[in-house]
Asker: 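First, the structure itself, so that you have it in front of you.
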Amino acid sequence: MKIASWNVNSLKVRMPHLTEWLAEARPDVVALQETKLEDAKFPVDELAAAGYRAVFSGQKTYNGVALLARADLKGEFEDVVTDIPKLDDPQRRILAATIGGVRVVDLYVVNGKAVGDEKYAYKLDWLAKMREFLAAEIERYPQLVVLGDFNIAPDDRDVYDPVAWGEDILCSPPEREALKHITDLGLHDSFRLFEAGGEHFSWWDYRQGAFRRNMGLRIDLILIGEALKSAATAAAIDRTPRRWERPSDHTPVTVDLDI
DNA sequence: ATGGTAGGTATCCTA
């Protein structure tokens, strides 16, 4: 089973890229973030024509998450969750479902804007409540995959210039500790099971030719539970769509599981 | 320290 995550930064704009990439990469399950679409406008029919079923939790203009599954993957999306318990939040940032025997939790983690900003406090509170939700999920569903745009670079290898970036937003110690608190539940950063080096990024700012100069961060992660660790056969970042015309600022990340 | 670009919506907010 190939599982992917991609922050598409507007599904309306990125549909041609998504369908092209689905045809080339043939993932079984895909988690999308920043769809920026109300549910009534989700392109169900176009994705069905591309061979994928979908569940989604969206809103106009901002945020929005979706899960896609290949039509030939057996079973339906089950036990769908769109809200974190104990967090009354209108922002559509989480979508969990069971599909093909795997529990998949798609996250669009709060950006936070800047350390000390009120959005930063919201980010840390969101992460703390997410951790509690995931602690319960991993008990209920051992075959757990938590993936998405985490808006946190786990460590300095995941930053193009860690000295310049310092402890700014996406790299501050409290954010990294919040992420570690989540991985300490028994979730492994699948990319790091296969690649220990730096210079592997999943997001590059649109400005200043950042992609061309590989000035990026690795903030899109696929975490897998202990029960799936031995099943992982590969993990990758596919930079191809980032080179296409009018790209998302993020590129897809994938993991292959022998299940 | 600032501002650079992109998307959606409305001429600003978010990233």
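Numbers restart at 1 for each chain; the letters A, B, ... are given by sequence-line order, proteins then strands.
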Asker: With sugar-phosphate meaning primed atoms plus P, OP1 and OP2, does Arg213(A) contact a base, only sugar-phosphate, or nothing at under 4.0 Å between heavy atoms?
Answerer: nothing
Asker: Work out how far the P atom of dA6(B) is from that of dT2(B), and round it to whole angstrom.
Answerer: 23 Å
Asker: Using atom P in both nucleotides, what's the gap between dC13(B) and dG3(B) to the nearest angstrom?
Answerer: 16 Å
Asker: For the P atoms, the ones on dT5(B) and on dT9(B), what distance do you get once it is rounded to whole angstrom?
Answerer: 22 Å
Asker: Once the angle between the rings of Phe56(A) and Phe42(A) is folded into 0 to 90°, is it parallel (under 30°), tilted (30 to 60°) or perpendicular (over 60°)?
Answerer: parallel
Asker: Base, sugar-phosphate alone, or nothing: which one does Phe211(A) contact when heavy atoms must sit under 4.0 Å apart?
Answerer: nothing
Asker: Within a 6.0 Å radius of atom NE2 on His188(A), are there more than 12 heavy atoms belonging to other residues, nucleotides or ligands?
Answerer: yes
Asker: Find which nucleotide of DNA chain B each of Asp205(A) and Asp249(A) is nearest to by heavy atoms, and output the residue with the more 5' nucleotide.
Answerer: Asp205(A)
Asker: Mind checking if Lys119(A) touches a base, just sugar-phosphate, or nothing, with heavy atoms under 4.0 Å?
Answerer: sugar-phosphate
Asker: Testing the basics here: between Asp249(A) and Tyr206(A), what is the closest heavy-atom pair and its distance to 0.1 Å?
Answerer: N-OH, 3.1 Å
Asker: Does the side chain of Glu34(A) pick up a donor-acceptor pair with the side chain of Asn63(A) at under 3.5 Å?
Answerer: no
Asker: May I ask you to decide if Arg246(A)'s main-chain N or O and Arg14(A)'s side chain share a donor-acceptor pair within less than 3.5 Å?
Answerer: yes
Asker: By nearest nucleotide on DNA chain B, pick out whichever of Lys36(A) and Val110(A) is the more 5' one.
Answerer: Lys36(A)
Asker: Given the C1' atoms of dT11(B) and dG7(B), what is the spacing between them in whole Å?
Answerer: 14 Å
Asker: Test side chain to side chain contact (heavy atoms under 4.5 Å, CB included) on Lys119(A) and Asn111(A) and set out the steps.
Answerer: CA-CA 8 Å; Lys119(A) 292 190 178 73; Asn111(A) 174 287; over 6 Å; no
Asker: With a strict under 4.0 Å distance from non-hydrogen atoms of chain A, what nucleotide opens and what nucleotide closes the contacted stretch of DNA chain B, reading 5' to 3'?
Answerer: dG3(B) to dA15(B)
Asker: Using a strict heavy-atom distance below 4.0 Å, which residues from residues 154-173 of chain A are in contact with DNA chain B?
Answerer: none
Asker: Of the options Arg157(A), Lys180(A), Arg218(A), which is the one that meets Asp189(A) in a salt bridge (charged side-chain N to carboxylate O under 4.0 Å, His left out)?
Answerer: Arg218(A)
Asker: So, do Trp6(A) and Trp21(A) have ring centers that fall under 6.0 Å from each other?
Answerer: yes
Asker: Considering only the C1' atoms, how many Å lie between dG4(B) and dA15(B), rounded to the nearest integer?
Answerer: 13 Å
Asker: Assess the residue pair Thr98(A) and Arg103(A) against the criterion (side-chain hydrogen bond (donor to acceptor under 3.5 Å, both in side chains)); give the C-alpha distance rounded to whole Å, side-chain angles, the decisive distance to 0.1 Å, and a yes or no.
Answerer: CA-CA 4 Å; Thr98(A) 305; Arg103(A) 184 63 171 176; 2.9 Å; yes
